[in-house]
2 protein chains.
Amino acid sequence: MKENKSIGEILRENREKKGLLLRHVSAKLDIDTAILSKIERSERKASKEQILKLAEILDLDKDNLLIQYLSEKILYEIKDEALGSKALKVAEQKMKYINKNKSGD
Amino acid sequence: MKENKSIGEILRENREKKGLLLRHVSAKLDIDTAILSKIERSERKASKEQILKLAEILDLDKDNLLIQYLSEKILYEIKDEALGSKALKVAEQKMKYINKNKSGD
DNA sequence: TTACACTTGACAATTAATGTCAAATATATT
DNA sequence: AATATATTTGACATTAATTGTCAAGTGTAA
């Protein structure tokens, strides 16, 4: 029941599945291979633009990849916080509230 | 059923309730009044340290204030994202997974 | 019109994010 | 073993975001 892959793992798996080298993909992203290597090993974070480009290059679903990316960003914010779980729940509450009241304002 | 106050609103309300001036509180925080003014009007974000100090100064529950603070930080990350809600849900899933598997590792 | 609290915006300093490059490590292949 | 290729590592440069100061402005009340 292995279900939790990091963005980095997803990117590496799919790059290798397509037989692409860091060199090939990083060229399309217009960055050094070093950075892509770090992104795949979760040593650096990608930018949103890079994620979208990577989805194209690797034929991955953009929305899915973006959701994974954003959720990692969220977790990064609270990773060292004892109250992280509670903060997440409150954020969801607020989100509901915002969405409910988002009309002409 | 007004339930959603920003951290800034909470801070201002409680500062005024105690009859304190920006000058008084900002001195304790060791910052310019301008910044505190901006924090209270949500024009700037406070730091975690400032939030904890403010909880002390204003006699507010630290955990509560911190949760509010963190949840705002989370929302800030996804405020312009169409997929924000979904990302939040996925973050919660991942959080559960992490907490479940956090033993000696 | 003076006094006081707060706000605004231009700017400076500091810190974090994002990138390059060259050298170090694998891992094959000859 | 030696060469070739792919990836990793870390020192460093550049850029962007955060966090702050300061001085002038606005609002309100004595």
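Every chain is numbered from 1, with letters handed out A, B, ... down the list of sequences. Reckoned from all heavy atoms, side chains included, excluding hydrogens, waters and symmetry mates.
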Residue B:Asp30 excluded, over 12 heavy atoms near CG under 6.0 Å: no
Distance below 4.0 Å between A:Arg23 side-chain N/O and D:dA6 OP1 or OP2: yes
Nearest heavy-atom neighbours spanning B:Ser71 and A:Ala87: CB-O, 3.5 Å
Separation of atom CG in B:Leu29 from atom P in D:dT19, rounded to whole Å: 14 Å
Side-chain N or O of A:Gln50 closer than 4.0 Å to phosphate OP1/OP2 of C:dG19: yes
Distance-only side-chain donor-acceptor flag, B:Lys94 / A:Gln68, under 3.5 Å: yes
Provide a list of protein-nucleic acid N or O atom pairs under 3.5 angstrom, restricted to nucleotides 20-23 of chain C.
residue: C:dT20; atom: OP2; partner: A:Asp32; partner atom: N; Å: 2.6

Proximal nucleotide (of D:dT18, C:dC6, D:dT7) relative to the B:Leu21 side chain: C:dC6
Neighbour count above 12 (heavy atom, 6.0 Å) for A:Lys96 NZ: no
Sidechain N-carboxylate O distance under 4.0 Å for A:Lys48, B:Glu81: yes
Between P of C:dA16 and NZ of A:Lys73, the distance in whole Å: 17 Å
Separation of atom NZ in B:Lys48 from atom C1' in D:dT18, rounded to whole Å: 18 Å
Euclidean distance, atom CG of residue A:Leu22 to atom C1' of C:dT25 [Å, nearest integer]: 14 Å
Nearest-nucleotide 5' precedence on DNA chain C, A:Tyr76 against B:Leu20: B:Leu20
Interatomic distance, A:Leu36 CG vs D:dT9 C1' [rounded to whole Å]: 15 Å
Whole-Å distance separating the NZ atom of A:Lys45 from the P atom of C:dG19: 13 Å
Between P of C:dC6 and CG of B:Leu11, the distance in whole Å: 14 Å
Pair up each side-chain donor or acceptor in residues 17-24 of chain A with any protein partner under 3.5 Å, not counting sequence neighbours, and list the distances.
residue: A:Lys18; atom: NZ; partner: A:Asp59; partner atom: OD2; Å: 2.8
residue: A:His24; atom: ND1; partner: A:Leu21; partner atom: N; Å: 3.0

Sugar-phosphate, base or nothing in reach of B:Glu40, heavy atoms under 4.0 Å: nothing
Length of the line joining A:Arg41:CZ and C:dT25:P, which is rounded to integer Å: 15 Å
Sequence-distant partners of B:Glu56, salt bridge (Lys or Arg N to Asp or Glu O under 4.0 Å), two or more places apart: B:Lys62
B:Ser37 side chain near C:dC6 phosphate (N/O to OP1/OP2, under 4.0 Å): no
A:Arg15 side chain near D:dA6 phosphate (N/O to OP1/OP2, under 4.0 Å): no
